[in-house]
Amino acid sequence: DTGVSQDPRHKITKRGQNVTFRCDPISEHNRLYWYRQTLGQGPEFLTYFQNEAQLEKSRLLSDRFSAERPKGSFSTLEIQRTEQGDSAMYLCASSSRGGSGYTFGSGTRLTVV
Amino acid sequence: SQQGEEDPQALSIQEGENATMNCSYKTSINNLQWYRQNSGRGLVHLILIRSNEREKHSGRLRVTLDTSKKSSSLLITASRAADTASYFCATDASGGSYIPTFGRGTSLIVHP
């Protein structure tokens with residue numbers, strides 16, 4: 001297992017389209033996090049799973065955003081009816097337990113045109 | 001919301017010099033972490049320091065934590081051009097659910 005994998009690396013979509021991103025965490029990590037990062041800013045928390053349970057969601061996660069982790073392994077983040085303001089880097093991270101440090105994927109860069 | 005704030009926002013130094021970045025935070029923490037991010041890439045975990053620790057070293061990195069001042073510093077000694085990146089601090093708030101909260105970062109440029 002070489003780390004956290006995210007797919008795709010880049011996504012360009014037209015405004016109004018739906019997009020889905022995938023994150024494969026480190027296999028023994030039961031905690032999975034999604035963040036959004038815009039240019040010049042630090043990552044902003046979106047949502048967090050422990051195993052398959054989505055335990056916390058940020059107010060940034062509007063109704064157009066949904067995340068799943070159906071079997072406690074990989075996770076998907078879907079954005080419906082994309083807007084230009086959704087353009088950002090979407091980062092996934094995983095950890096084995098709280099307070100132990102977090103491993104990030106390389107991110108999916110979304111551009112909404 | 002941003003929990004940590006790094007200072008300075010940008011730092012430009014010559015290879016071989018030391019680079020010091022500071023992080024201030026607002027609430028009590030379980031631990032504080034430092035990450036590096038190269039342009040357009042994901043974050044790489046550098047070092048984690050727990051709230052009951054005052055100093056940690058890892059290679060050319062030295063991190064200090066002062067919980068009374070709610071601040072931390074990251075020192076990179078003998079910097080190299082390859083250290084050019086953005087550096088972020090992140091905190092796990094105490095009593096919370098271990099969700100790291102990041103600052104806006106320090107952009108470090110090391111000139112060869």
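Proteins get letters first, then strands, A, B, ... in listed order; numbering begins at 1 in each.
More than 12 heavy-atom neighbours from other residues, nucleotides or ligands sit within 6.0 angstrom of CD on A:E78. More than 12 heavy-atom neighbours from other residues, nucleotides or ligands sit within 6.0 angstrom of CZ on A:R64.
A:L61 and A:I79 fall within a single hydrophobic cluster, where Ile, Leu, Val, Met, Phe, Trp and Tyr are joined by side-chain heavy atoms under 4.5 Å apart, directly or via other members. B:L46 and B:L11 end up in the same hydrophobic cluster when Ile, Leu, Val, Met, Phe, Trp and Tyr side chains are linked at under 4.5 Å. Residue B:L48 is not grouped with residue B:L75 when hydrophobic side chains (ILVMFWY) are merged at heavy-atom distances under 4.5 angstrom, including chains of intermediate members. In the hydrophobic clustering of this structure, A:F21 groups with A:L60; members are Ile, Leu, Val, Met, Phe, Trp, Tyr whose side-chain heavy atoms approach within less than 4.5 Å, directly or through other members.
Two residues are said to be in side-chain contact when any heavy atoms from C-beta on lie closer than 4.5 Å; B:F88 and A:P43 meet this criterion. At least one side-chain heavy atom of A:Y33 sits less than 4.5 Å from a side-chain heavy atom of B:P100.
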(request) Report the C-alpha distance between A:Y102 and B:Y35 in whole Å, list the side-chain angles of each, state the deciding distance to 0.1 Å, and finish with yes or no for ring pair (Phe, Tyr, Trp, His ring centres under 6.0 Å). (result) CA-CA 10 Å; A:Y102 305 84; B:Y35 292 82; 7.2 Å; no
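Between A:Y35 and B:F102, the ring centre distance stays below 6.0 Å.
Atom CG of B:L43 is separated from atom CD of A:Q37 by 6.0 Å, given to the nearest 0.5 angstrom. From A:L55, atom CG reaches atom CD1 of B:I99 across 8.5 Å, with rounding to the nearest 0.5 Å.
Using a 4.5 Å cut-off between heavy atoms, B:Q37 touches chain A through its side chain atoms alone.
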